[in-house]
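Proteins get letters first, then strands, A, B, ... in listed order; numbering begins at 1 in each.
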Amino acid sequence: MTDVARRARIRAVVRRIPRGRVATYGQVAELAGLPGQARQVGYAMAALDVDSRVPWHRVINARGAISLPSADHSALIQRARLEAEGIVFEGDRVSLDRFRWRPRAAR
DNA sequence: CGAATGACTCCTT
DNA sequence: CAAGGAGCCATTC
């Protein structure tokens, strides 16, 4: 699969994450048909524009935390957007039990 | 081309 | 909870 196709599939999965829900990098990788390649998802997110129509802010790491230095501007934008959608942070993380996106088989 | 890098994750100390 | 290591693989040097 080409690089372009791979990133397109990753973006397609991220676009399906609904408001008020989050998904982990590993989860996105899996749904995109790239199991075990969570890093590539992070890479694809980094390549997006901050104002991209792809909801990159709904993608967080397996600990439920934002995978960017807390001082990073993008990290602040990400947290603000998530809280604006109703996601609650407990310290520096989100309860995946409560907010993780659970996609239905087919849609 | 080899080595380092990194918006990751899992497992072990 | 903190650290370290291994697996992962596109990208950059």
Side-chain angles (χ1 to χ4, degrees):
Chain A
M1 127 149 44
T2 69
D3 299 353
V4 180
R6 175 168 39 71
R7 286 209 288 266
R9 294 177 64 155
I10 290 173
R11 287 197 302 271
V13 170
V14 175
R15 275 196 298 268
R16 290 172 48 205
I17 307 172
R19 279 180 57 90
R21 301 256 110 188
V22 297
T24 66
Y25 293 95
Q27 184 183 354
V28 172
E30 184 115 5
L31 291 170
L34 304 167
Q37 296 183 53
R39 302 189 74 127
Q40 313 322 314
V41 176
Y43 223 146
M45 295 301 97
L48 293 176
D49 187 89
V50 183
D51 294 314
S52 165
R53 292 192 304 289
V54 177
W56 56 270
H57 58 280
R58 302 192 183 123
V59 183
I60 60 182
N61 65 36
R63 295 177 32 250
I66 288 174
S67 273
L68 284 171
S70 53
D72 194 299
H73 179 60
S74 296
L76 300 179
I77 299 287
Q78 181 168 19
R79 177 160 177 155
R81 287 184 180 173
L82 290 177
E83 294 185 319
E85 295 184 353
I87 288 177
V88 180
F89 278 76
E90 296 162 7
D92 68 338
R93 52 168 121 179
V94 166
S95 164
L96 291 178
D97 282 346
R98 292 171 57 196
F99 301 108
R100 205 192 92 227
W101 173 43
R102 293 178 183 70
R104 294 291 194 81
R107 159 92 61 144

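Residues that satisfy the side-chain contact (heavy atoms from CB on, under 4.5 Å) test with A/R93, not counting sequence neighbours, are A/R63, A/A65. Checked against salt bridge (Lys or Arg N to Asp or Glu O under 4.0 Å), A/D51 has the following partners two or more places apart in sequence or in another chain: A/R81. Judged as a side-chain contact (heavy atoms from CB on, under 4.5 Å), and not counting sequence neighbours, the contacts of A/L48 are A/R11, A/M45, A/S52, A/V54, A/W56. For A/R21, the salt bridge (Lys or Arg N to Asp or Glu O under 4.0 Å) criterion is met by no residue, not counting sequence neighbours. For A/E83, the side-chain hydrogen bond (donor to acceptor under 3.5 Å, both in side chains) test picks out A/R79, with sequence neighbours left out.
Residues of residues 45-66 of chain A that place a heavy atom closer than 4.0 Å to DNA chain C do not occur.
When heavy atoms are screened at a 4.0 angstrom cut-off, A/R79 is found touching no nucleic acid atom at all. Here A/S74 lies out of heavy-atom contact (under 4.0 Å) with every strand.
Residue A/V4 shares its hydrophobic cluster (ILVMFWY side chains chained together at separations under 4.5 Å) with no other residue. A/Y43 belongs to no hydrophobic cluster with other residues, because no ILVMFWY side-chain heavy atom falls under 4.5 Å from its own, directly or through intermediates.
Here the side chain of A/Q78 pairs a donor or acceptor atom with the backbone of A/V59 at under 3.5 angstrom.
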Nucleotide by nucleotide, nucleotides 8-13 of chain C touches protein heavy atoms under 4.0 Å in the pattern (B base, S sugar-phosphate only, - none) BBBS--
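Contact footprint of chain A on DNA chain B: nucleotides with an atom under 4.0 Å from a non-hydrogen protein atom, first to last in 5' to 3' order, B/dG6 to B/dC10.
Residue pairs that meet the salt bridge (charged side-chain N to carboxylate O under 4.0 Å, His left out) test with at least one member in residues 40-49 of chain A, sequence neighbours left out, do not exist here.
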Show me the donor-acceptor pairs within less than 3.5 Å that the side chains of residues 23-38 of chain A make with the rest of the protein, sequence neighbours left out.
| residue | atom | partner | partner atom | Å |
| --- | --- | --- | --- | --- |
| A/T24 | OG1 | A/Q27 | N | 3.0 |
| A/Q27 | OE1 | A/T24 | N | 3.4 |
| A/Q27 | NE2 | A/W101 | O | 2.8 |

